[in-house]
Amino acid sequence: MSSREEILNRIRQHQTNISTSLPKVPNFFDKSVDIIDAFKKSLLIMGGTLLLVGDADPLQALKEKIKNANVICSMVPEIKGNRELNEQNLPKELDDIDYAIVRASFGVAETGSICLTEKNLMINTLGYLPQHLIVLLDPAKIVYNLHDAYAQPEWYSVNYASLHSGPSATADIEGVLIRGAQGVRSLSVLLIS
Amino acid sequence: MEVGLFIPCYMDAMEPEVGISTLKLLERFNVKVVYPFDQTCCGQPMTNTGCEKEASATEALFVKNFAKFDYIVMPSGSCTNQVRHNMNAIEQTDEVTHVRTHSYDLVEFLHDILKVEAFPWANFPHKVAIHYNCNALRGLRHASMSERREAFFSKPKNLLEKIKGIEFVELQRPDECCGFGGTFSVFEEGVSAKMGRDKVLDQRNSGAEFVISADSSCLMHQKGCAQRMGIPLRYAHIAQVLNGDIR
Amino acid sequence: MNHLLQEEEQPRGAKIRGRHPVDQLEAANRFIAATAHEMMHDNRLWDLRKKRDAQMHAIPEWEELRQLASDIKSHTLDHLADYLEEFEHNAKKNGIHVHWAKDAQESNQIIGDILKAHQAKSLIKSKSMLGEECGLRPYLQKEGIAVVETDLGERIQQLDDEDPSHVVVPAVHKTRTDVSKVFVKTLNAQPGNNDVHYLAEWQRETTRPYILSADAGMTGGNFLVAETGAVVVCTNEGNADLSANTPSLHIVTVGIEKIIPKMEHLAVFIRLLSRSALGSPITQYTSYFRGPRRGGEMHVVLVDNGRSTRLGKPNFKPGLKCIRCGACMNTCPVFRRSGGLSYGSVYAGPIGLILSPGYDPHKYRNLPFASTLNGSCANVCPVKINLHEQILAWRGELAKQGELSLSKKVIMKALGKLYANPKAYRQAIQMGDKILQYLPHFVVYNRLNAWGRQRDLPEAPKKTFHSWYKKHYMNGKGDEA
């Protein structure tokens, strides 16, 4: 008997099959909440930065941020970087990037999260190996809470997706908060359609 | 209404005045209180050590002593919790079920059954920190607990608030265990004493003059720690305060 | 900075002597004796508890979420085999290789074989309690594979050759100076520089080359979603994403109890997990692996290691709901004063008390007694595990298996006899401390006298309640009635 059969047999012998039916999960939607405002607040709590949309040039703040950077990799048409990526790049080759600029699939107001999938990133390490990450997010694509977030269609089609909530962080030494533990040192979000 | 009074074993031997306050307090409300002479212990030391077999004769004796009463009242949340929730070593006869479902801690009995509105004979012009025994708090639900998202309530506080002059202070860790834990206090002595000292420091820093609890066992432990630390906090069982014996 | 804290030597964990019962109390006493470490540890974890409380109060449906989480887990455990098969089916469809390991040894071997088949000599990994449970790292190192932990806390513990002391914050018992000493010795860090930012940065700089050059990456799994065949991993550092996405080979090791039916259920657990663990709304990274990345290969090893056996024990089955948030440790007053390493077990604190004896009742027979049964743990638990009831149930189970210490056995037998016999009990009480005569000498001096070591003994009153009642209510009669 294979281990698989052995394990499944033992489970079937021990599981009761009689418990409560699978509970239905409510959405807990609170329509009094201003979703965009809530997203901004949550993003800041998680250590993210909000880039303001400029009046004359909506991308002004973003451009300001990257103007002194050496290596910029942009996956969005709005900004041109100086590092092109293609699907043949090895994941580790993204290590020297200072700023990666990507567009998120959606955002979550409850937690200030943005969802980045393999389609947004092209190469998954783009979300982690660069020093800083800048994310464009369509404010119309911010959902209220995690119940909405996990009801999105992305989860059924992509092989990889991640909710980023602020930058990489650790408090493993004496509880002192450090941003930029193993991944990006900062995460900036620009709300723009 | 006939009430069987159970005086916990450690209280009988070490804190008899709490038993006396309890008895006299109940009698003020025209309750007929009977103290069965053959009582010993609720069985908790054995049960909590995993020795159910060793607890069974003690549990049977408890039931024999108290089955005939309308209510069984004891000035201890911890013992009440044992009887109500953990008296499992003996066969669950109707008598046993009666005893388990009619056992009340003094605070519950005053608050929920007698619904006492006033203690005009009592006076307590002191700053007070309430100590919740963990079994009373999380087992009997004497009060809301900080772990849960629930509205604040406190039966001991509701009772004490009816006393003239009393003033409450809050602890930094209002429902942290003090480390008594029954046999834990001797089997795990080092951790127990450390928890006790931390509790005493929290009480002192709160500005309390008195610590009041529905359980003498925790208080014996805390008092022992406070005395060793040279901290002049005073400890009283809630029965002593409600009956006006400590003022 | 507190100088006393930084000068004090780090207390070490329990002394492990094979399968000999771990003396948790001995290690806890040493931890308490390191007063500054103990105070830091207690305050740090209590701070996490307070942050958790703040998050709880911000979510009106908190208690409803806990109930849902508990119900979803109960349901899933009762249909575990079906959901595992559903997961396997969907994961395979997505191109994931699925393996089944009945115990730690088989799990290690499967992982070792996958690595060998890929000629992998180096592995970067994110934190996995299951990996610790199976002794994976020592196994792989023996097989000639260099393993580097990528979580800061776990890396510190790896470099110090010490187990993680907490499931979420593995180095929470160490001061910055303790960490600095480890990094000076192992990573060639600047001696005497115990600035936390420097230490974290130094670790980042020294780990990055391993991440870039590793042949394989490994993660644990916080959840498996049957409906989509996906693995969900939560970290704050992004180190799981680096470990999984940088090398071309990604291996996941995960316990079979981590499965949940559908995506809608994932929301419930993600809302609870980090709020319970660290008091943050969500981990910085909540990552979802539904298949291998382009050009990569992904393996999931489903590990049993005692779980299917536990499923058949009604008293202890609820332990399988655990999502490893560590909230029970943060709130446990014994854990905060003892340090996680005092338990001498992969799982420490309340959850450790109920899981460890399941693996080895003899070795871990003292653990269920390292609790006051105060019940705080069960009430912070996001999946509502009845922790303190299971701790008590384990005491009973250990007594049945003959695993109580001699002093406990002797004392409880004597007490049980005494309390069952009112006459003998009365005599003993009337004779004051003669009650101690019922107990053998060594027990009295080793255990019961423990009360007076750090606490004053209560002054014995002149008479008992019993004799007072007899005098005032019964005209001196009563016992004979």
Side-chain angles (χ1 to χ4, degrees), chain A residues 2-4 6-8 10-23 25 28 42 45-46 87 91-92 95 110-111 113 118 124-125 127-129 146-147 149-151 155-156 158-176 178 180-184, chain C residues 44 47 61 68 71-72 74-75 77-81 84 94 100-102 106 150 152-153 169 171 175-176 179 196-197 199-200 204 207 212 228 236-239 241-242 245-246 261 263-268 270-271 281-282 284-294 304 308-309 311-312:
Chain A
S2 72
S3 291
R4 178 185 184 278
E6 194 181 320
I7 294 166
L8 288 172
R10 196 159 45 232
I11 292 173
R12 289 218 154 86
Q13 194 189 317
H14 289 157
Q15 68 184 12
T16 57
N17 292 315
I18 48 155
S19 93
T20 50
S21 56
L22 192 51
V25 180
F28 298 109
S42 304
I45 288 170
M46 295 305 298
E87 294 188 347
K92 65 179 178 186
D95 180 52
E110 177 190 358
T111 50
S113 312
E118 62 199 355
N124 295 344
T125 50
Y128 309 93
L129 283 175
L146 285 165
H147 302 288
Y150 284 116
W155 310 108
Y156 298 85
V158 298
N159 271 5
Y160 175 73
S162 180
L163 296 176
H164 288 213
S165 315
S168 168
T170 182
D172 274 350
I173 305 175
E174 282 193 28
V176 177
I178 309 279
Q182 218 62 273
V184 298
Chain C
R44 166 95 177 99
D47 185 52
E61 61 267 25
L68 277 168
D71 291 346
I72 294 165
S74 294
H75 168 90
L77 288 174
D78 285 343
H79 304 82
L80 187 58
L84 285 168
N94 304 338
W100 301 74
K102 57 179 183 293
E106 189 176 15
T150 55
L152 171 58
V169 274
T175 65
R176 60 191 74 193
V179 175
V196 176
H197 290 265
L199 294 168
R204 177 186 166 107
T207 303
L212 298 178
T228 60
N236 285 312
E237 303 185 23
N239 57 312
D241 301 277
L242 284 165
N245 285 318
T246 316
M263 291 304 292
E264 65 176 279
H265 304 125
L266 184 56
V268 174
I270 299 298
R271 293 190 77 189
I282 188 170
Q284 309 293 118
Y285 299 98
T286 305
S287 301
Y288 178 81
F289 300 89
R290 188 173 151 271
R293 68 169 176 80
R294 196 183 320 108
D304 183 340
S308 60
T309 306
L311 193 64

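Below, chains carry the letters A, B, ... as their sequence lines are ordered, and counting in each starts from 1. Quick caveat: nothing in here was measured; it's all calculated off a predicted structure.
- At a 4.5 Å heavy-atom cutoff, A/S2 makes no contact with chain C through either its backbone or its side chain.
- Scanning all heavy atoms of the two residues, the minimum distance from C/E237 to A/A181 falls at CG-CB, 3.6 Å.
- Of the listed residues (A/S113, A/G180, A/P91, A/G127), the greatest number of heavy-atom pairs within a distance under 4.5 Å of chain C belongs to A/P91.
- Highest contact tally toward chain C, considering only A/T170, A/V176, A/L163, is held by A/L163 [criterion: heavy-atom pairs under 4.5 Å].
- Heavy atoms closer than 4.5 Å to chain A are found in the side chain of C/L84, but not in its backbone.
- The candidate with the highest count of non-hydrogen atom pairs below 4.5 Å against chain C, out of A/P167, A/S42, A/A171, A/A151, is A/P167.
- The residue among A/I45, A/T111, A/V184 with the most heavy atom pairs within less than 4.5 Å of chain C is A/T111.
- The heavy-atom pair separating C/N94 from C/P292 by the smallest distance is O-CD, 3.4 Å.
- Note on ring orientation: taking the six-membered ring where Trp is involved, the planes of A/W155 and C/Y288 are perpendicular (angle over 60°, cut-offs 30° and 60°).
- Heavy-atom distances place no part of A/Q13 under 4.5 Å from chain C, backbone and side chain included.
- For C/R44, the part lying near chain A is the side chain, with the backbone staying farther off; criterion is any non-hydrogen pair under 4.5 Å.
- For chain A, the option among C/V169, C/T175, C/V179 with the highest count of heavy-atom pairs below 4.5 Å is C/T175.
- Note on C/R293, C/H265, C/R294: by heavy-atom pairs under 4.5 Å with chain A, the leading option is C/R294.
- Using a 4.5 Å cut-off between heavy atoms, A/L129 touches chain C through backbone and side chain atoms alike.
- Only the side chain of C/T228 comes within contact range of chain A, judged by heavy atoms closer than 4.5 Å.
- The aromatic rings of A/H164 and C/Y285 sit perpendicular to each other, their planes meeting at more than 60°, with 30° as the lower class boundary.
- For A/A169, the side chain to side chain contact (heavy atoms under 4.5 Å, CB included) partners two or more places apart in sequence, or in a different chain, are A/L177, A/R179, C/Q284.
- In the model, A/Q182 has no side-chain atom that pairs as donor or acceptor with a side-chain atom of C/T207 under 3.5 Å.
- Considering only residues two or more places apart in sequence or on other chains, C/S308 meets the side chain to side chain contact (heavy atoms under 4.5 Å, CB included) condition with A/R10, A/I11, C/D304.
- With hydrogens and angles left out, the side-chain atoms of C/D241 and A/Y128 include a donor and acceptor closer than 3.5 Å.
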